[in-house]
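As structure tokens, the structure follows; a few thoughts come after it.
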Amino acid sequence: MRIYLTGADGMLGTALRAALAADPLTAGWGVRGVSVADFDIGDPGAVRASVEDFAPDVVVHTAAHAIVDECEADPQLALRVNVAGVRNVADACRRTGSRLVYVSSDYVFDGADTPDGGYRETDTPGPLSVYGLSKLAGERIVATVDDHLVIRTSWLFGGSDERTDNVLAMIRQTERGERVRLIHDQFSCPTYTVDLARAMVLLLKRGTAGTLHVANTGSASWFDVARVALGREGRAAEPVALDDCGFLGRRPRNSTLSTGRLKHLGITMPDWSDAVSRYRTHLSTGNGRT
């Protein structure tokens, strides 16, 4: 099996490469990872040439512009990366006959009337932001590839960049003695990239198709996460209301995802609090088990 991975140096791409290498059944798969340093995902010729050169069985597209307010401030860049980029990857997959796995977001939902147990794969999207709109557009482009899997996930953590990892940011801010203000009235499924990557490896081995929600179980606010991530120091965190944050891009109030379909496939994700605890241990030890 040959896997072509975009966003290979990103938070999820890094975790997925590690998960593929750690699984005895996938450790021997050929993997080519590419990132923004290799070419502009918005350049159709560059994308096509790179994919065709490797001739993969599967393209896993994790590359995205995922900073919500930056997408709102510069819609053209968001569209170039999150829409045109996906179109270029999808076109390349059709040319090579490759399967396409695309990572989408809970922000395709509006969070206004969240179903009990969270949004299901069949619930109607209604994005509130440029970022959410661009991810939904990506989903629809991916659906034009015959063999595809759309994975919706949420609130990723487990990386090394405080701009894109809220759990890392709150931990580092506390270590620096900085004021930690966290939203208490927005909810979703905080998801550890290590757990998501392991689930993705299972889905790659099975050849699962369609649309699937893959996230750590349970629902929490970032203020709830602080109580686990910061321990006793979390008592000093200050709750703040979503409406008082002054974000450019609107956020869904409750975009919790249901993972019932994933569980039906025999894949059970750990609870978000367990995942946050393992990540905190990993950061504390430097080489701790995750």
Side-chain angles (χ1 to χ4, degrees), residues 3-23 31-41 60-71 77-78 81-82 85 103-107 131 135 151 153-183 188-201 214-216 220 222-231 233-234 237 269-270 272-290:
I3 305 292
Y4 185 96
L5 173 64
T6 70
D9 61 352
M11 181 161 47
L12 178 56
T14 300
L16 183 56
R17 284 188 288 115
L20 286 165
D23 188 310
V31 178
R32 174 176 291 182
V34 297
S35 67
V36 67
D38 295 294
F39 54 81
D40 175 6
I41 199 75
V60 181
H61 187 45
T62 74
H65 187 6
I67 300 177
V68 177
D69 278 7
E70 289 187 8
C71 289
L77 178 59
V81 176
N82 295 347
V103 179
S104 189
S105 167
D106 59 319
Y107 274 37
Y131 170 69
K135 294 303 289 184
I151 294 175
T153 191
S154 65
W155 289 17
L156 295 184
F157 65 90
S160 58
D161 186 347
E162 293 181 36
R163 294 192 317 146
T164 56
D165 187 331
N166 282 352
V167 180
L168 178 65
M170 68 177 72
I171 291 171
R172 295 299 185 229
Q173 287 168 358
T174 300
E175 292 173 346
R176 293 191 295 261
E178 298 173 1
R179 182 185 185 194
V180 180
R181 302 175 74 242
L182 296 163
I183 298 170
S188 195
C189 311
T191 300
Y192 192 11
T193 52
V194 168
D195 293 338
L196 173 58
R198 289 170 178 165
M200 289 177 68
V201 169
V214 185
N216 283 116
W222 287 120
F223 187 71
D224 294 330
V225 172
R227 296 175 180 175
V228 177
L230 304 181
E233 295 173 326
M269 296 289 285
W272 69 265
S273 60
D274 172 78
V276 170
S277 294
R278 283 183 285 120
Y279 179 50
R280 178 58 193 262
T281 299
H282 174 69
L283 289 176
S284 299
T285 60
N287 58 357
R289 291 177 60 85
T290 54

Student check: side-chain heavy atoms of V214 and M200 closer than 4.5 Å: no
Among D195, V201, L196, which residue meets the side-chain contact (heavy atoms from CB on, under 4.5 Å) test with R198? D195
Verdict with supporting geometry, S284 and T281, side-chain contact (heavy atoms from CB on, under 4.5 Å): CA-CA 5 Å; S284 299; T281 299; 5.6 Å; no
Across all chains, not counting sequence neighbours, the salt bridge (charged side-chain N to carboxylate O under 4.0 Å, His left out) partners of D274 are R278
Atom pairs and distances, donor-acceptor, side-chain atoms in residues 9-23, under 3.5 Å, two or more places apart:
residue : atom : partner : partner atom : Å
T14     : OG1  : G10     : O            : 2.8
R17     : NE   : A8      : O            : 3.0
R17     : NH2  : A8      : O            : 2.9
D23     : OD1  : L25     : N            : 2.8
D23     : OD2  : K205    : NZ           : 2.8

Got a donor-acceptor contact below 3.5 angstrom from the T62 side chain to the T6 backbone? yes
Sequence neighbours left out, what passes side chain to side chain donor-acceptor pair (under 3.5 Å) with Y4? Give chain and number order. S50
Spatial distance of atom CG (L283) from atom CD (E175) [nearest 0.5 Å]: 8.0 Å
V34 side chain near L5 side chain, heavy-atom distance below 4.5 Å: no
Do I41 and H61 come within less than 4.5 Å of each other through their side chains, counting heavy atoms only? yes
Residues passing the side chain to side chain contact (heavy atoms under 4.5 Å, CB included) test with S154, sequence neighbours excluded, are D106, S188, C189, T191, A215, L257
Test of understanding: with side chain to side chain donor-acceptor pair (under 3.5 Å), list the residues that count as partners of R179, not counting sequence neighbours. E238
With E70 via side chain to side chain contact (heavy atoms under 4.5 Å, CB included) - residues at least two apart: H65, I67, R163
Once side chain to side chain donor-acceptor pair (under 3.5 Å) is applied, do any residues pair with S104, and if so which ones, sequence neighbours excluded? E139
Heavy-atom closest contact (L168 atom, D165 atom, distance): N-OD1, 3.0 Å
Atom of A226, atom of L182 and distance for their closest heavy-atom approach: CB-CD1, 3.3 Å
Which residue pairs pass the ring-ring contact (aromatic ring centres under 6.0 Å, His included) test when at least one of the two sits in residues 155-183, sequence neighbours left out? W155-W222, F157-Y192, F157-Y279
Residues that A66 engages under side chain to side chain contact (heavy atoms under 4.5 Å, CB included), provided they are two or more places apart: Y131
Residue set satisfying side chain to side chain contact (heavy atoms under 4.5 Å, CB included) with A220, at least two apart, ordered chain then number -> P190, D224, V225, W272
For V228 versus S277, what's the shortest heavy-atom pair and its separation? CG1-OG, 3.4 Å
Results of side chain to side chain donor-acceptor pair (under 3.5 Å) for D161 - residues two or more places apart only: none
Who pairs with R280 by salt bridge (charged side-chain N to carboxylate O under 4.0 Å, His left out), at least two apart in sequence or on another chain? none
